[in-house]
2 protein chains.
Amino acid sequence: MATIKDVAKEAGVSISIVSKAFNNYVDVNEKTRQRIFDIANELNYTPNIVAKNLSSKKQMTVGLISSGVLNNNEKDNNAFDIFKGVYTAVSESQFELSIYLIDSLRQKQKSYAQYCRERNIGGAILQGIRIDDPYYKELIDTNIPCVVLDIMTETENGLIGSVSINNSDASREIAEYLLERNHRDIVIIAGTIETYVNTERMKGVQDAFKANNLELDDKHVLYAQFSEQEAYVLAKEYLQRKQPTAFLCFSDLMAFGVMKAVKEAGLRIPEDISVTGFDDLLLSSFTQPQLTTIGQNFFEIGKLSALLLLDLIENRMDEKHVYAQHLLMERESVKTLLNH
Amino acid sequence: MATIKDVAKEAGVSISIVSKAFNNYVDVNEKTRQRIFDIANELNYTPNIVAKNLSSKKQMTVGLISSGVLNNNEKDNNAFDIFKGVYTAVSESQFELSIYLIDSLRQKQKSYAQYCRERNIGGAILQGIRIDDPYYKELIDTNIPCVVLDIMTETENGLIGSVSINNSDASREIAEYLLERNHRDIVIIAGTIETYVNTERMKGVQDAFKANNLELDDKHVLYAQFSEQEAYVLAKEYLQRKQPTAFLCFSDLMAFGVMKAVKEAGLRIPEDISVTGFDDLLLSSFTQPQLTTIGQNFFEIGKLSALLLLDLIENRMDEKHVYAQHLLMERESVKTLLNH
DNA sequence: CTGTTAGCGCTTTCAG
DNA sequence: CTGAAAGCGCTAACAG
């Protein structure tokens, strides 16, 4: 393994010149630089990132801290798309990417701050983290720049950014979509209360109702913890008592559960009951019927968050929250009702 | 940021003792060790992995080099499962994981060997790599231990392992499955010729045919490059001339293409034509009809390959090729024909 | 333009 | 059991 020393010796210069040559310093004789490169090439030399990292006080790696991936529902590979987006953006920068997957099942989980300190991590992207996660708070309170996905942070630390779609807008759109089609008896399958995403989506629904001079009754809001199974159970229960014209679900996964319950109740979608989702999972275009839902581009979200993080690290960000685009994917699970 | 120095000073010992305490050396006074830990805790000290990596000559990180992930078909998230498996195994070891995603579209791609050298990588897992990849050859020729997935390596380097299902066995099984159901007019939708996986699967089919005293006609083998679209085109073409009783496909993706062609030809699956796949993608249980195929546990494959790599690195491997389990997933796309 | 020197934070002999 | 010292491969002043 050739080191900088070998190159320096072979080229008959000091190692600092070699270092400078490789770091594009201008004050290096062009001929010397060329000779150094030739020799480096010949020796198959390439600067050691680990050493570089240690000696330059700069932190050259960013972390992607992701919770719930390992024990995730296999139908949900959004995390993979986010990862690909992050990777793409980071690999085009000078930074290295380090990945830390958390798993509720895994005990010896170390604190995120410690994880970062150990690796000289200069900034992190947090995904799937709950706002009440103590490690999250701890990390935010360090001065490590962070970008969080799908949660809104409440600290006044200048180094926090966040990326998400505009959840309330998206939610309002899909609620209005149902309202325009004359649905009035809508059941909301919400996720986990007190979650940022849930709050925003709730707000969107309420806005849409208000805009139509309607009132959203609490009894029509069911909290299914973003779980397919839970949604299935709640919808099944509900259907034994009443039959709404539509279920508006805060995630596709929950919509799948609802669809199952509806079908088991002997009802047809969308003829008897309409269903909408949120996320646009891969499977959502393959359900029977295909699910009308809100599409998020997770690859893009990953990319945006990495870009935002790099901006934060270099202290030249314009805005701290960036919204990713969303799109109402109109498919087959909603029926237009007759106006009466 | 507390360093080892701070801890040493605070504890009134030399840094070498602190180092030893943290590395579980036995020759450290138990009381000293305890004091060091207490102080470290108090100071929020945690050893810096980068420095550790540099000073100890040992290589503490393994690489996952993965090709074709970024521009992959979105229906295919096997790479993600492999990744999760690798991550799981590596995170339970003392090693760090570094990921390198290649993309045919991406030019400034650096050689795998260089990638490893730059990061002090002590061993790598290669996924989605083609055997004729020049960088692959280069890496294999270094003495860096490697584990390759789904290809068989031909070098005599003692530090190469490989992991895959037993492709010829699996292929034979699914061919026999069709044969047992009295299919005799079978068209093989093969992948890319000269590919390890393809060769093995071909062998399996041939074995099954031979065992039944049948001959496989070259005219019944169509090479679709593992592409859904290509398979669709070839099957469509073929169906204009002849109508086999079954299509045996070397990947689920190609099976999807075939299914589309069959349906477009106005034929029913499996009533008119049976179809089988290979891989068991998530979608394969959601197609109409559900696809009978060979299931691979990619998470397990990832885990196995990481374990094998760690073994190789520590020079205590028993075998160089490990087979992962496969499973014939019997679903709805094959019909049993009447014996005549 | 180039070389010297002092680290980065840690591990690892080698003495004591 | 403990400490001093050399060094991992590189960067970054600071002189010249």
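A, B, ... follow the sequence lines: proteins, then strands. Residue 1 opens every chain.
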Novice: Relative to each other, are the rings of B:Tyr323 and B:His321 parallel, tilted or perpendicular (30° and 60° limits)?
Specialist: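 B:Tyr323 and B:His321: tilted rings.
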
Novice: Within the 4.0 Å limit for protein heavy atoms, which parts of nucleotides 9-16 of chain C are touched? Write it as a string from 5' to 3', B for base, S for sugar-phosphate only, - for none.
Specialist: BBBB----

Novice: With sugar-phosphate meaning primed atoms plus P, OP1 and OP2, does A:Asn29 contact a base, only sugar-phosphate, or nothing at under 4.0 Å between heavy atoms?
Specialist: sugar-phosphate

Novice: Does some side-chain heavy atom of A:Tyr135 sit less than 4.5 Å from a side-chain heavy atom of A:Leu126?
Specialist: no

Novice: Indicate yes or no: does A:Arg33 engage A:Glu30 in a salt bridge with an N to O separation below 4.0 Å.
Specialist: yes

Novice: Please check: side-chain N/O of B:Thr32 versus main-chain N/O of B:Val28, any donor-acceptor pairing under 3.5 Å?
Specialist: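 A pair under 3.5 Å: no.
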
Novice: Run the ring-centre check on A:Phe83 versus B:Phe80 and record whether the distance is less than 6.0 Å.
Specialist: no

Novice: Does A:Glu138, at its CD atom, have more than 12 non-hydrogen atoms belonging to other residues, nucleotides or ligands within less than 6.0 Å?
Specialist: yes

Novice: Using chain B heavy atoms and a threshold of under 4.0 Å, write down where along DNA chain D the contacts begin and end, 5' to 3'.
Specialist: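 Contact span on the strand: D:dC1 to D:dG9.
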
Novice: Evaluate the ring planes of B:Phe22 and B:Phe37, with Trp represented by its six-membered ring, and classify them as parallel (under 30°), tilted (30 to 60°) or perpendicular (over 60°).
Specialist: perpendicular

Novice: Could you check whether B:Gln127 and B:Ser66, counting side-chain N and O atoms only, form a donor-acceptor pair closer than 3.5 Å?
Specialist: yes

